[in-house]
Amino acid sequence: QVQLVGSGGGLVQAGDSLRLSCTASGRTMSGYAMGWFRQIPGKERELVAGISGSGMSTYYLDSVKGRFTISRDNAKNTVYLQMNSLKPEDTAVYSCAADSRSLLVASSRGMAYWGKGTLVTVSS
């Protein structure tokens with residue numbers, strides 16, 4: 001059984017940085033597409049950043065391009081989301097997810113594995 005554990009959220013001020021981590025257990029995530037989603041109360045969950053199983057391809061939501069960076073360390077079975085220049089509108093619960101299918105397919109049809117969300121609050 002795959003388990004994903006996300007961490008790194010917190011309360012920061014606008015312009016600050018945070019790094020989220022998501023560590024998997026139960027099997028190696030090498031080859032699995034992984035992504036960070038966020039949900040703002042009253043809005044649908046959205047894919048913020050994703051990385052392919054090989055790590056060669058990444059995806060970013062337009063509003064975070066140039067500010068967020070997703071990366072993975074397969075040796076540690078961990079995916080990271082470095083968030084710089086945070087804005088109040090980035091406030092949300094962030095959750096990591098993984099799937100053996102491609103990120104494009106999995107993100108549209110539903111990721112197979114989910115971690116518990118971590119709250120990021122950005123004050124103005």
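Scored by the side chain to side chain contact (heavy atoms under 4.5 Å, CB included) test, S21 finds S7, R19, T78, Y80 as partners (sequence neighbours excluded). Residues that satisfy the side chain to side chain contact (heavy atoms under 4.5 Å, CB included) test with A33, not counting sequence neighbours, are L103. Partners of R45 by side-chain hydrogen bond (donor to acceptor under 3.5 Å, both in side chains), not counting sequence neighbours: none found. Residues meeting the side-chain hydrogen bond (donor to acceptor under 3.5 Å, both in side chains) test with Q82, sequence neighbours left out: N84. Residues passing the salt bridge (charged side-chain N to carboxylate O under 4.0 Å, His left out) test with K65, sequence neighbours excluded: D62. The side-chain hydrogen bond (donor to acceptor under 3.5 Å, both in side chains) check on S30 picks up nothing, with sequence neighbours excluded. Residues meeting the salt bridge (charged side-chain N to carboxylate O under 4.0 Å, His left out) test with R72, sequence neighbours left out: none. Scored by the salt bridge (charged side-chain N to carboxylate O under 4.0 Å, His left out) test, D99 finds R101 as partners (sequence neighbours excluded). Every side-chain hydrogen bond (donor to acceptor under 3.5 Å, both in side chains) that R27 has, sequence neighbours left out, goes to Y32. Residues satisfying the side chain to side chain contact (heavy atoms under 4.5 Å, CB included) criterion with S102, sequence neighbours excluded, are L104, V105. With sequence neighbours excluded, no residue forms a salt bridge (charged side-chain N to carboxylate O under 4.0 Å, His left out) with E89.
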Which atom pairs, one a donor and one an acceptor, fall under 3.5 Å between side chains of residues 117-124 and the rest of the protein, sequence neighbours left out?
{"from": "T118", "atom 1": "OG1", "to": "G9", "atom 2": "N", "distance (Å)": "3.1"}
{"from": "S123", "atom 1": "OG", "to": "V12", "atom 2": "O", "distance (Å)": "3.3"}

